[in-house]
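One structure is given below, encoded as structure tokens.
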Protein chains: 2
Amino acid sequence: MKGRTYTADAEPGEAITVAGWVHEVRDLGGIAFLILRDKSGKIQIKLEEDSMDDELVETGLGVARESVVTVTGDVKEEPRAPTDVEIVPESIEVLAESDTELPLDPSGKVDAELSTRLDNRTLDLRKEEVKAIFEIRSEVLRSARDAFRDLGCTEINTPKIVATGTEGGTELFPITYFGEEAFMNQSPQLFKQLMVGSGLERVFEIGPIFRAEEHNTPRHLNEATSIDFESAFVDHTEAMDACEHVVKSAYEGVAENCERQLELLGLDEAFEVPEGDFPRLTYEEAIERINATGELDEQLVWGDDLPTEGERALGDDVGEHYFITDWPSEIKPFYIKDHDDDAQLSTGFDMMHPRMELVSGGQREHRYEHLVEGFEQQGLDPAQFDYYTKMFKYGMPPHAGWGLGGERLVMTMLGLDNIREAVLFPRDRQRLSP
Amino acid sequence: MKGRTYTADAEPGEAITVAGWVHEVRDLGGIAFLILRDKSGKIQIKLEEDSMDDELVETGLGVARESVVTVTGDVKEEPRAPTDVEIVPESIEVLAESDTELPLDPSGKVDAELSTRLDNRTLDLRKEEVKAIFEIRSEVLRSARDAFRDLGCTEINTPKIVATGTEGGTELFPITYFGEEAFMNQSPQLFKQLMVGSGLERVFEIGPIFRAEEHNTPRHLNEATSIDFESAFVDHTEAMDACEHVVKSAYEGVAENCERQLELLGLDEAFEVPEGDFPRLTYEEAIERINATGELDEQLVWGDDLPTEGERALGDDVGEHYFITDWPSEIKPFYIKDHDDDAQLSTGFDMMHPRMELVSGGQREHRYEHLVEGFEQQGLDPAQFDYYTKMFKYGMPPHAGWGLGGERLVMTMLGLDNIREAVLFPRDRQRLSP
């Protein structure tokens with residue numbers, strides 16, 4: 001709207017036009033205040049029966065909450081107004097009248113269930129603190145991409161419709177693709193590896209992944225945003241360095257550019273950019289420390305995957321982001337390389353927030369024969385993945401990489417209880433709409 | 001790889017380690033040159049039988065093209081070398097030996113069919129000029145996002161798995177979603193509109209879209225990258241301004257940051273950042289100008305959609321990016337608003353490159369009753385879209401936006417013949433893998 005001023009930019013002495021939603025109308029008898037809310041904040045509009053045009057006052061008093069209006073008038077200093085200024089209106093125009101019955105109260109005075117909020121995201125995101133989450137999410141993506149570019153990565157886009165899944169046919173959503181069976185991709189893994197063998201060498205992708213897991217927990221989604229890195233000529237330790245850089249950059253970006261949003265979320269004091277190197281624990285150390293906490297009924301032994309309670313106990317113990325390295329090969333996917341001097345030990349790593357796993361990565365198997373063997377050991381038919389494996393015959397460099405869950409990063413950064421708080425329109429077993 | 005130097009950074013007098021692919025070996029008898037290629041360029045490695053270790057010379061002479069090697073040695077000035085320097089090696093290590101039979105020649109000396117290239121993208125992207133396309137694509141996305149942030153947009157991610165398509169059930173890929181029928185989304189249209197009615201007001205998304213169109217042309221894809229913008233409190237003319245800004249910024253970013261890539265593509269002279277405003281032709285003017293070219297067998301009349309040959313004739317005539325505005329309402333989707341003073345005339349617009357349409361946009365219908373009517377007129381059941389329409393009851397501001405085809409932007413920018421040249425792993429009727 002040409003000539004529109006954001007409410008946050010209203011300066012006393014100016015004649016301006018603002019546009020936004022009617023946050024509330026307080027009628028004190030004779031004088032009333034309409035609070036107009038826009039993207040930048042709120043502003044008070046004064047309505048005075050005696051001194052103002054009747055029609056104008058009537059419009060201002062009669063308009064339903066959450067209607068969309070434009071107001072033109074003079075900005076005055078007013079120490080009693082919430083922002084120290086108010087607008088004395090010349091005109092009020094209603095652009096879209098709202099129903100008076102709202103499925104959700106955007107003023108936040110009445111709490112709503114998460115499912116009601118997700119059904120009415122438009123209204124839900126009129127709440128400043130909900131909007132703040134998604135403004136922060138936007139900044140997380142921006143600063144992560146900047147960090148990837150610092151690292152010399154080329155951004156790629158890999159296909160989401162695929163003939164075969166990354167790790168076989170389990171947990172894939174089937175698609176009918178012009179009469180053929182296809183799937184929605186669960187990870188860009190194989191494609192990003194194909195690209196590090198190309199002249200690009202180092203790539204990143206931020207895009208959707210799809211997992212038909214039947215989990216229904218506060219930290220699983222069936223459609224999520226994956227932040228992927230893959231680089232030729234690096235090993236798992238250098239991939240971990242890159243991971244630290246990207247995660248720290250996301251925190252730094254938010255700290256620098258989202259002060260207001262952090263304040264709205266009550267995090268301005270509590271928000272800390274991770275400092276120093278993330279501790280790197282071996283899997284062996286990790287299970288020892290978990291066992292030492294006494295939190296598990298049964299002691300973990302070598303080869304066990306870490307149960308959720310184990311991760312939580314260890315997270316409490318470590319108290320900051322950390323890596324778990326040197327996993328048993330048998331519990332890591334086939335495309336992760338084993339240590340050269342110990343085939344039982346994988347170069348795979350996880351990067352953990354104290355609350356949960358954020359990243360899974362490792363050095364990749366770049367040797368054709370070993371890779372084909374890995375497929376077979378995993379019970380997969382290497383022929384189905386020929387488009388991938390055959391490229392390993394033509395000079396595939398050593399490489400490493402990782403995938404970071406975008407929503408988990410935002411969720412743990414902001415201390416959100418449920419991962420669905422970090423997605424506009426989450427997809428889970430029960431939720432396919434909106 | 002710690003301590004690795006890119007070949008482009010090799011300075012005479014240094015002892016360095018480089019890593020990359022064996023581009024070629026020229027054996028002149030007694031002296032030989034191994035050309036090593038990495039992401040940054042190429043460098044000559046000298047192999048001299050008399051003065052060097054036998055094993056080292058043997059390794060260098062024996063290694064197959066496209067194998068991956070690291071070379072450690074001293075950089076010397078050598079005016080006869082392609083980059084004026086060469087490496088006198090101390091050691092050569094083969095990290096991954098390539099098969100000698102390659103499905104595609106990465107040196108580019110032997111031409112390959114597009115389908116062979118797409119089957120072997122890893123090798124295809126070892127060609128400098130192919131790699132250049134995707135480095136430019138990465139820069140296009142970067143600068144488009146920067147432009148959106150200039151415009152005050154919040155980045156959003158909308159779901160790709162949906163219960164109903166944007167424009168009904170046609171041209172959608174069906175998914176089995178936990179036993180329910182769902183679809184891959186053909187456009188973020190409805191979701192981005194829901195977000196401009198939230199407190200975010202102005203949003204963008206760059207993400208995949210899926211269209212089950214049976215087209216099989218050099219400019220259609222079944223999975224593409226859509227660059228989407230949507231903003232509250234703007235009309236179609238302001239949305240066009242935003243479109244111009246984003247497209248120009250993409251060109252500017254490439255001009256500033258991809259000089260080397262443009263040169264590799266032979267475009268360093270020809271590449272022009274669009275200057276001035278894009279001409280805005282009404283639909284009526286457009287059909288008049290097309291008719292005037294005499295290129296069509298039959299004259300176009302009001303209400304006709306523009307045939308491909310018509311677009312081409314007009315593009316040749318205009319010779320730069322341009323808009324077509326004021327389309328007949330009946331050939332634009334229901335969610336596009338008509339002009340207030342003429343219901344036959346839509347606020348929809350297309351933004352055209354002389355070769356083809358890049359953008360489709362318009363002011364949106366924000367009035368609940370009109371929107372529901374529009375669904376019915378389009379033969380769609382408004383009840384199926386209740387999650388969307390109901391939000392229009394609670395203060396939906398006037399808004400406008402557009403969607404830009406990412407691949408078409410790159411294709412037209414670089415003069416590529418086939419849109420598949422602008423996608424790493426294109427999806428079409430025939431191609432589902434890799």
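In this text, all values refer to a predicted model and were calculated from it rather than measured experimentally. So you know, we letter chains A, B, ... as the sequences are listed, proteins then strands, and number each from 1.
- Remark: the B:R4 side chain and the B:T70 side chain contain no N/O donor-acceptor pair separated by less than 3.5 Å.
- Highest contact tally toward chain A, considering only B:A64, B:G207, B:S67, B:A212, is held by B:A212 [criterion: heavy-atom pairs under 4.5 Å].
- Both the backbone and the side chain of A:N120 come within contact range of chain B, with heavy atoms under 4.5 Å apart.
- Contacts of A:Q384 with chain B are absent, with no heavy-atom separation under 4.5 Å from either backbone or side chain.
- Separating the CG atom in A:D119 from the CG atom in B:D386 is a distance of 10.0 Å, to the nearest 0.5 Å.
- Interface residue A:E97: only backbone heavy atoms are found under 4.5 Å from chain B.
- Within the 4.5 angstrom heavy-atom criterion, no atom of A:F204 approaches chain B.
- In this structure, the ring-ring contact (aromatic ring centres under 6.0 Å, His included) partners of B:Y177, at least two apart in sequence or on a different chain, are A:F173.
- The residue among B:M195, B:M396, B:K127 with the most heavy atom pairs within less than 4.5 Å of chain A is B:M195.
- Using a 4.5 Å cut-off between heavy atoms, A:P174 touches chain B through backbone and side chain atoms alike.
- Proximity to chain B (any heavy atom under 4.5 Å) is restricted, for A:D241, to the side chain, taken from C-beta onward.
- Looking at A:K390, the atoms closer than 4.5 Å to chain B (heavy atoms on both sides) all sit in the side chain, from C-beta outward.
- Neither the backbone nor the side chain of A:R37 has a heavy atom closer than 4.5 Å to any heavy atom of chain B.
- Here the rule is side-chain hydrogen bond (donor to acceptor under 3.5 Å, both in side chains) with B:Q261, and of B:R137, B:K131, B:E135, B:E128 only B:E135 fits it.
- At least one donor-acceptor pair closer than 3.5 Å links the side chain of A:R121 to the backbone N or O of A:L424.
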